[in-house]
Amino acid sequence: MITFNNVTVQYDASHTALRGVNIHIDKGEFVFIVGASGAGKSTFVKILTHELVPKEGSVIVNGQDITRLSNSKVPYYRRKLGIVFQDFRLLEDKTVYENVAFVLRVTGAKSREIRERTSHVLNLVGLRGKENEMPSKLSGGEQQRVAIARALANQPLLLIADEPTGNLDPNTSQEIMDLFSAINHMGTTIIMVTHNQDLVNAMHKRVILIDEGHIVSDVEKGGYISHV
Ligand code: ADP
Ligand code: ADP
């Protein structure tokens with residue numbers, strides 16, 4: 001589903017973020033990306049979200065080389081991704097319901113479909129009954145659930161989560177991980193960048209360690225490794 005072929009990203013003379021990276025991720029996998037600050041994790045995510053196009057190498061997502069996408073195709077490509085951030089990034093002046101429905105409206109979905117999908121994903125993340133709340137009235141875990149519902153609204157092939165538990169306490173973090181696990185079991189491929197060693201160790205999923213732009217370890221059912 002995702003293949004990186006010899007991807008190198010050099011921002012400038014003194015900053016090479018990825019060095020000849022080769023990765024293959026199959027549909028349905030749950031993959032942790034770990035590594036120290038500055039290792040290249042954000043650069044890897046930015047390539048997948050097409051915020052950054054590497055000049056060297058190719059990146060195939062669902063049969064399409066996204067290093068060669070024309071500008072007009074980028075919005076369609078992005079709709080196939082769900083992205084969840086550490087800081088939730090909700091629209092503070094919109095209700096829970098509207099935060100999710102909004103992303104369906106911009107795709108031109110019919111109003112009945114918007115209502116059905118929005119209710120479906122809000123139920124899925126455990127927010128039934130919170131539809132009319134404003135984000136600021138919710139706990140951090142609930143706000144992240146809204147963000148996850150929004151990420152799922154367009155039925156993405158791939159869910160990318162960048163430190164999704166970074167602002168949450170340990171119990172809430174575990175609940176959010178259980179939700180990601182359930183979403184993965186329903187068939188969605190998940191790539192998660194995290195520093196949370198306990199969560200990585202508890203999940204027994206694939207762990208890819210990046211260090212100074214190199215993949216230095218890639219282990220099925222691995223644990224968190226911070227040094228090599
Ligand atoms: P991580 O997410 O693992 O902290 P990044 O992908 O953000 O790592 O960064 C990898 C390397 O690339 C670091 O050395 C960082 O300083 C550098 N880098 C990241 N973004 C830029 C940029 N826009 N311009 C120059 N260097 C950058
Ligand atoms: P994180 O570790 O959460 O990715 P950073 O503080 O490393 O956050 O980076 C924040 C932003 O600054 C990112 O968009 C990254 O690409 C950019 N950045 C990181 N390092 C550099 C750098 N050396 N020069 C310019 N921009 C950078």
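Indexing begins at 1, ligand by ligand and atom by atom, following the structure's order. Residue indices begin at 1 and follow the sequence shown.
By the criterion of a heavy-atom distance under 4.0 Å, both the backbone and the side chain of Lys41 are placed next to ligand 1. If you look at Ile210 next to ligand 1, there are no close heavy atoms at all, none under 4.0 Å.
The existence of a salt bridge linking Glu212 and Arg19 is excluded, since no basic side-chain nitrogen approaches an acidic carboxylate oxygen closer than 4.0 Å. Salt bridge Arg105/Glu98: present, at least one basic N to carboxylate O contact under 4.0 Å.
In terms of polar-atom proximity, defined here as any N/O pair under 3.5 Å, Thr43 does make such a contact with ligand 1.
Two residues are said to be in side-chain contact when any heavy atoms from C-beta on lie closer than 4.5 Å; Thr118 and Tyr97 meet this criterion.
If you check the side chains of Asn132 and Thr95, you find no donor sitting under 3.5 Å from an acceptor.
Applying the 4.0 Å criterion to heavy atoms of Asp12 picks out, from ligand 1, the atoms 25 (C). With ligand atoms numbered from 1 in the order given, ligand 1 contributes 14 (O), 16 (O), 17 (C), 26 (N) to contacts under 4.0 Å with heavy atoms of His15. Close contacts between ligand 1 and Ala39 involve ligand atoms 1 (P), 3 (O), 8 (O) [criterion: under 4.0 Å to a heavy atom].
At a threshold of 4.5 Å between side-chain heavy atoms, the hydrophobic network of Ile, Leu, Val, Met, Phe, Trp and Tyr places Met134 and Val146 in two separate groups.
With atom 11 (C) of ligand 1 as the reference point, the heavy atom nearest to it among Gly38, Ser14, Ser37 is part of Gly38.
Contact annotation: Ala36 has at least one heavy atom less than 4.0 Å from an atom of ligand 1.
Counting heavy-atom neighbours within 6.0 Å of Phe102 CZ, excluding the residue itself, gives a total of 12 or less.
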